[in-house]
Amino acid sequence: MATLAGESREAWERLGLWERLPRPLAPLSERQLDSVAALREALPGLPAPPELPIEDLSSLGQPSLTVTLTAMVPQSTEDIILKGFSVLGMENERIETAQQFFSWFDQLGTQMDQDEGAKYRQTRLYLSGFEEQCDAILSDVNSALQHLESLQKQYLFVSTKTGTLHEACEQLLKEQSELVELTENIHQKLSYFNELENINTKLNSPTLSVNSDGFIPMLAKLDDCIAYISSHPDFKDYPVYLAKFRQCLSKAMHLMKTYTVHTLQHLTSQLIKRDPSVPPNSDNAFTLFYVKFRAAAPKVRTLIEQIEQRSEKMPEYQQLLNEIHQCYLDQREHLLGPSITSTVTELTNRNNRDHCALVRSGCAFMVHVCQDEHQLYDEFFTKPTSKLDELLEKLCLSLYDVFRPLIIHVIHLETLSELCGILKNEMLEDHVQNNAEQLAAFAAGVKQMLEDVQERLVYRTYIYIQTDIAGYKPASGDLAYPAKLEMMEQIAQSLKDEEKKLPADAMKVDDPKTYNVVKLDTWESSNPRLQTTISPADLHGMWYPTVRRTLVCLSKLYRCIDKAVFQGLSQEALSACIQSLLAAAESITKNKTQIDGQLFLIKHLLILREQIAPFHTEFTIKEISLDLKKTRDAAFKILNPMTVPHFFRLSSSNALIQFLLEGTPEIREHYIDSKKDVDRHLKFACEQFIQQQTKQLVEPLEEFLAKVSALKTVATQKGPKYNLSQQPWAQPAKISDLVSSTYKTIKTKLPSTLQSMSLYLANKDTEFILFKPVKNNIQQVFQKLHALLNEEYSKKISRS
């Protein structure tokens, strides 16, 4: 029993260690574990392997009790024994003898051994079944692996064969694609060559028309073929096919040219063969010239558009377009030439005495012709051409040919000036600037006519200056100063007296503030520098004729000729005018008095300078204001006359006189540079007037002071002192008489002088500015005399 128990314990120990971690005695490989797991998944009803009945090696000594007695712990020994006998089937037997005990004990041991071994045998059988299953599974797995290996070999074989076949197919497809592409390429290249026969057939067809639907596509195909062959000169038959295609192009262009030229010529022949009763220059005739052509324009416009689109790519089309242009313009010239000549001739006969009306009507007619021709050209063509302007210039030349002989016989400056205004302002600036593209040819003809008119105007102006200004012979009435001014002043005064007797409403009509007296052609009416006064001296009609003629002449020239030419003529005209004023002033001085001649000259120089200011400043009107509150150093400020109240505004001539008499050299230099001739003579005239008036009023005192100064000079040179009171001419009584006589002269002559200044100058500010130096000179003479008397006579009286 002990041996059996030892063997059982050892077996149980080995069985307990067969899978115990971490060092099992019979470990399973990962593949075996995977196989067992796979079998369990495949056979979900398979019972799990039984657990070993022994969990601890210390319990191997009681194997039977471990399995059977796993229930509750018995409460008493009797229950345990009763239960043990029940297990052995001996609950009804009684053990009374030792033999029965040993028999029972032996039976119990045997039973225990059987019971203990049965579990292990059952487990062994169970495990043996698993082992068999595992062996079968392993055999199946090995068989499957063999099959898989065979399949893998077969797959590799088939895959290799399939890959080779696929590569072969791809290569075949690639070769097929290359062949197809090559075929298409060859076919595409050959298609251009194959089109030659089709194009030749169409071009040689008797029913072919340039207006048919297939002509333009055929033309486009022909252009493509020529372009393709021209871009591949390396082809074998390149020269042959290119020559043949160009022959086809020549045929096509010949058809287009023939059709277009025939259409245009047919239109012209229809218009020429119109009703002979209709004059060639009538409105109906001109209307037909455009209506017929506009109606026929859609027939050829589509074809011409195709030619224009290809003209930039191929020189043959450009040559064809040029020929069509020339044909079109020839037909238009053939139609318009005689009609325009007849119209111009008719206008000339109708306005043979009115050159301005002729130029205006003739230019208006040519403007319409140029505009209509451009519009008609646009009906046929989409691209411009310089030949159209050449034709229009040629047509405009017919007007110039008629107009030029008339210009060279015009002698009136007014007519020539008006012609310049019409050509320059109305035609070039108004019409041409608003439509420069269509009137470019007309502008060239107008410029040529304008240059001829300007040349004639300059020539006639030069003659006018020499004859009517420099060579003017004044009449007696022209030099009747101051009588004519006094007469006009009396008339003006009588008008004022009559106005005072009229009602207030009637006086508003002739309000001097709103009446512009000075009217010098159209320029004068818009010149804000002209004074709004009714003084006789400022009336346009009272100006000296050469002044009036000079200003009228300059006003005619200013906007008609170039500035450089105008400056030269204006300088010559002003010089001639000034010389005529000097001669007139001299005559007035001889006939009347010196003051009349001087004031006449000053007034007209002021008028001249006042009126020529716009010619030098491009009509930018500026006026100079003078602060009369200050003394000698008066300030000058240029102001816009619209911002200065009328009663504070001075004319630029007034300011000019003041600066000439009192201004600094820097300011004087600015004015002299701008209008040097007029300013120089004006300054000289003012200085002469001041000197003459000073001399007239205080000449005895000036002579006395000059003698005293000479006496002092002689005494200083010879040494001995002089005694002024001992001089016979320097006695106090003599001096007193001299002063009294001077006062009397001033009192007698000064009012007439001021009256003459008011009559001629007619401006209080101008009179004040011009008379101020005279007043200053008189005051200086008296101041010098007073100082001399204090020095020479007061001391001697005090000594005595």
Side-chain angles (χ1 to χ4, degrees), residues 176-267 296-331 377-388:
Q176 182 183 6
S177 300
E178 291 177 353
L179 291 175
V180 171
E181 183 179 359
L182 179 61
T183 302
E184 292 178 353
N185 191 10
I186 294 174
H187 178 71
Q188 181 182 3
K189 294 179 179 179
L190 286 176
S191 63
Y192 294 99
F193 295 90
N194 295 332
E195 287 292 334
L196 177 61
E197 184 177 356
N198 296 331
I199 294 174
N200 260 327
T201 302
K202 291 180 180 180
L203 290 175
N204 294 325
S205 174
T207 60
L208 178 65
S209 174
V210 294
N211 291 327
S212 60
D213 295 336
F215 182 78
I216 293 178
M218 182 269 295
L219 194 65
K221 192 64 179 177
L222 178 60
D223 294 338
D224 294 339
C225 293
I226 293 176
Y228 179 79
I229 295 176
S230 299
S231 61
H232 295 83
D234 53 336
F235 287 173
K236 180 179 180 182
D237 295 333
Y238 158 78
V240 176
Y241 278 91
L242 182 61
K244 291 182 179 180
F245 276 116
R246 290 196 179 278
Q247 290 177 359
C248 294
L249 179 62
S250 299
K251 293 180 182 179
M253 289 193 297
H254 177 71
L255 291 175
M256 292 186 288
K257 178 182 177 181
T258 302
Y259 174 78
T260 306
V261 171
H262 175 73
T263 302
L264 296 174
Q265 290 177 348
H266 181 67
L267 287 172
K299 298 180 181 179
V300 296
R301 181 179 175 85
T302 303
L303 194 63
I304 293 176
E305 284 181 355
Q306 297 296 326
I307 298 173
E308 289 176 333
Q309 293 174 2
R310 294 166 171 80
S311 60
E312 297 180 357
K313 300 178 181 179
M314 300 181 67
E316 292 84 358
Y317 282 104
Q318 183 62 49
Q319 179 64 27
L320 175 60
L321 182 61
N322 294 337
E323 293 176 357
I324 294 176
H325 280 161
Q326 190 62 45
C327 176
Y328 170 82
L329 297 175
D330 290 342
Q331 301 306 312
Y377 177 86
D378 293 337
E379 295 285 339
F380 285 85
F381 305 94
T382 60
K383 291 185 177 181
T385 177
S386 59
K387 294 182 179 180
L388 177 60

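- Atom OG1 of T385 is separated from atom CG of N322 by 7.0 Å, given to the nearest 0.5 angstrom.
- Between Y241 and F245, the ring-plane angle classifies as tilted under the 30° and 60° cut-offs.
- More than 12 heavy atoms of other residues, nucleotides or ligands sit less than 6.0 Å from atom CD of E178.
- Judged by distance alone, the side chain of S230 and the main-chain N or O of I226 form a donor-acceptor pair under 3.5 Å.
- Counting only heavy atoms from C-beta outward, the side chains of Y228 and F235 approach each other to under 4.5 Å.
- Atoms OH and CG, from Y317 and L219 in turn, are 3.5 Å apart once rounded to the nearest 0.5 Å.
- The structure places CZ of F380 at 11.5 Å from NE2 of H325, a figure rounded to the nearest 0.5 Å.
- Rounding to the nearest 0.5 Å gives a distance of 5.5 Å between CG of L208 and CE of M218.
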Legend entry - Test side chain to side chain contact (heavy atoms under 4.5 Å, CB included) applied to R301 and T382, step by step: CA-CA 9 Å; R301 181 179 175 85; T382 60; 3.3 Å; yes
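- Relative to the six-membered ring of F381, K383 misses at least one condition, a distance below 6.0 Å or an angle of at most 45° to the axis.
- T183 contributes a side-chain N or O that, together with a main-chain N or O of L179, makes up a donor-acceptor pair within less than 3.5 Å.
- Taking CG from L321 and CZ from R310, the interatomic distance works out to 12.5 Å, rounded to the nearest 0.5 Å.
- Counting heavy atoms of neighbouring residues, nucleotides and ligands inside a 6.0 Å radius, atom CG of N185 exceeds 12 of them.
- The side-chain heavy atoms of T260 and L320, taken from C-beta on, include no pair separated by under 4.5 Å.
- Within a 6.0 Å radius of NZ in K299, no more than 12 heavy atoms belonging to other residues, nucleotides or ligands are found.
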